[in-house]
Number of protein chains: 2
Amino acid sequence: MATRNPRQAAEKRRQILDAAVVVFARQGFHTCRVSDIADEAGVAYGLVYHYFRSKDEVLDTLFLERWDVLLAAIREVDADASLAARDKLRAIASFIVESYRHDPDLMKVIIVEVTRAANSFGRRHLAKIREAYDLIAEIVAKAQASGEFSGAVTPAFAALAFYGAIEQVLTGWIFDLLPGAPEDYDQAKDFVVETICGGLDAA
Amino acid sequence: MATRNPRQAAEKRRQILDAAVVVFARQGFHTCRVSDIADEAGVAYGLVYHYFRSKDEVLDTLFLERWDVLLAAIREVDADASLAARDKLRAIASFIVESYRHDPDLMKVIIVEVTRAANSFGRRHLAKIREAYDLIAEIVAKAQASGEFSGAVTPAFAALAFYGAIEQVLTGWIFDLLPGAPEDYDQAKDFVVETICGGLDAA
DNA sequence: GGCGAGATTGACTCGCCAGTCAATCTGGGA
DNA sequence: TCCCAGATTGACTGGCGAGTCAATCTCGCC
């Protein structure tokens with residue numbers, strides 16, 4: 001075989017994906033040109049099309065890669081029977097916030113260009129996004145059955161409110177609507193859980 | 001003056017705006033062509049540019065018109081000293097849900113194309129959108145000062161969670177993630193307030 | 001009845017950029 | 001050393017659609 005080391009090919013592909021994250025985060029998916037990605041990656045224009053069928057596929061890849069990690073994390077949390085529902089939600093909130101802390105550009109791209117892009121990409125990945133809602137709803141449903149949560153609200157609704165609150169906070173950080181210092185990250189995890197589980201009402 | 005009845009000009013303009021709502025809701029802002037708007041309005045292509053400087057300005061106009069109504073509604077609710085904070089939030093949730101019931105296409109366009117379009121239009125109108133968050137945060141802050149709400153969470157955070165929950169529910173209706181029958185609309189108002197104020201925890 | 005300001009028309013221009021492709025390079029195997 | 005599959009290059013094309021503009025129409029006024 002005359003194929004170059006397949007490791008190197010994978011690295012080039014990765015290099016393009018990483019460059020895409022930077023460019024998408026900086027300029028937005030629709031505003032940037034494919035040549036911007038190639039330039040950022042230090043690679044010729046055409047090579048992007050050697051590794052990906054289209055500009056769309058680059059973003060799809062970034063999203064699916066990361067979202068599958070998120071889904072796996074939620075499933076793992078849910079499987080831990082020793083955790084109360086409140087702690088499970090805490091763990092999920094924590095995972096998402098830590099994802100943002102670890103790679104804010106990637107999370108920005110996923111939220112801004114996919115999750116919140118209800119037309120273009122959000123619509124295409126609706127089923128995938130919905131999986132996360134459903135998993136969270138399942139946790140709520142079990143907690144309601146066991147009496148840990150009240151049954152005043154449907155699980156589907158609770159899941160939407162929970163996920164919506166987290167996403168809104170990340171969006172707040174992304175667009176400087178909310179202070180985003182390191183200590184705010186940890187506080188946010190508590191705030192989300194406290195608000196959704198405990199409510200705003202005085203005790 | 002040789003100007004045609006200014007009433008008729010205003011009506012033509014309105015006609016174009018209404019057509020734009022239909023087209024944007026159906027096809028999305030980026031996917032539709034200006035000629036689609038003109039066709040839907042039963043008007044020549046060029047006339048759109050007689051009344052609006054650009055395609056963007058059409059959407060800007062739709063958003064600002066409606067958002068100002070929302071801001072006015074929130075201010076009015078807030079000004080009513082006889083209302084508890086919980087009731088104020090209930091009234092705001094109700095107003096938004098009723099807006100959706102009354103004109104789902106318009107609300108879809110505003111949410112999908114502006115409010116959640118964090119890059120393009122969402123960014124342009126960030127300050128305007130933020131006004132709503134700030135108004136809600138103010139209500140929370142006063143309730144915390146009076147002891148109605150606990151101080152466990154910052155007002156800015158509570159406002160984001162509250163607004164995020166409502167928007168997520170509307171998004172759920174828009175994309176059929178959540179049942180959207182008439183009775184669900186009224187239930188949703190209670191759910192949002194119940195979740196944010198009362199929390200999921202069993203009493 | 002005829003004038004003219006503004007309304008209305010729609011064919012056309014023009015820039016942009018995703019995607020193509022033929023040419024060139026490179027490195028591992030024989 | 002030579003060969004060639006696959007990697008890499010970047011100039012080029014093709015289509016699309018926003019915005020322009022000169023021509024035409026319409027209606028209120030004198």
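Just so it is clear, the values below take in all heavy atoms, side chains as well, and ignore hydrogens, waters and symmetry mates.
When rounded to the nearest whole Å, the span between CD of B:Gln15 and C1' of C:dA7 equals 13 Å. Rounded to whole Å, the distance from OH on A:Tyr49 to P on D:dG6 is 23 Å. A:Glu11 places its CD atom 16 Å from the C1' atom of D:dT8, with the value rounded to the nearest Å. One atom, CZ of B:Arg33, and another, P of D:dG19, lie 15 Å apart when rounded to the nearest Å. Between B:Phe29 atom CZ and D:dA18 atom C1' the separation is 10 Å, expressed in whole Å. B:Phe52 has its CZ atom 15 Å from the P atom of D:dA18, to the nearest Å. The distance from atom CG of A:Asp39 to atom C1' of D:dT9 is 13 Å, rounded to the nearest whole Å.
Ranking C:dT9, D:dT9, C:dA18 by closeness to the B:Leu47 side chain, first place goes to C:dT9. Distances were taken from every side-chain heavy atom of B:Lys55 (C-beta onward) to each of C:dA18, D:dA18, D:dT9; the shortest belongs to D:dA18. For B:His50, whose side chain is taken as the heavy atoms from C-beta onward, the closest listed nucleotide among D:dG17, C:dT8, C:dT20 is C:dT8.
In this model, the phosphate group of C:dA7 is not approached by any side-chain N or O of B:Lys12 to a distance below 4.0 Å at OP1 or OP2. Note on B:Tyr45: every side-chain N or O is 4.0 Å or more away from OP1 and OP2 of C:dG10.
Taking the ring centre of B:Tyr51 as origin, the terminal cationic atom of B:Lys12 falls outside the region bounded by 6.0 Å and 45° from the ring axis.
As judged by a 4.0 angstrom heavy-atom cut-off over every strand, B:Ser54 is placed among residues touching the sugar-phosphate backbone only. Residue contacts for A:Tyr51: at a heavy-atom cut-off of 4.0 Å it reaches the sugar-phosphate backbone alone, with no base atom in range.
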Output, in order, the C-alpha distance, side-chain angles, deciding distance and verdict of salt bridge (Lys or Arg N to Asp or Glu O under 4.0 Å) for A:Arg14 and A:Glu65. CA-CA 12 Å; A:Arg14 186 79 261 153; A:Glu65 258 183 21; 3.1 Å; yes
Between B:Tyr163 and B:Tyr133, does the ring-ring contact (aromatic ring centres under 6.0 Å, His included) criterion hold? Intermediate values first, please. CA-CA 7 Å; B:Tyr163 181 82; B:Tyr133 298 156; 5.4 Å; yes
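Ring planes of A:Phe29 and A:Phe121: perpendicular class, angle over 60° (limits at 30 and 60°).
Salt-bridge check for B:Asp36 with B:Arg33: passed, with a basic side-chain N closer than 4.0 Å to an acidic carboxylate O.
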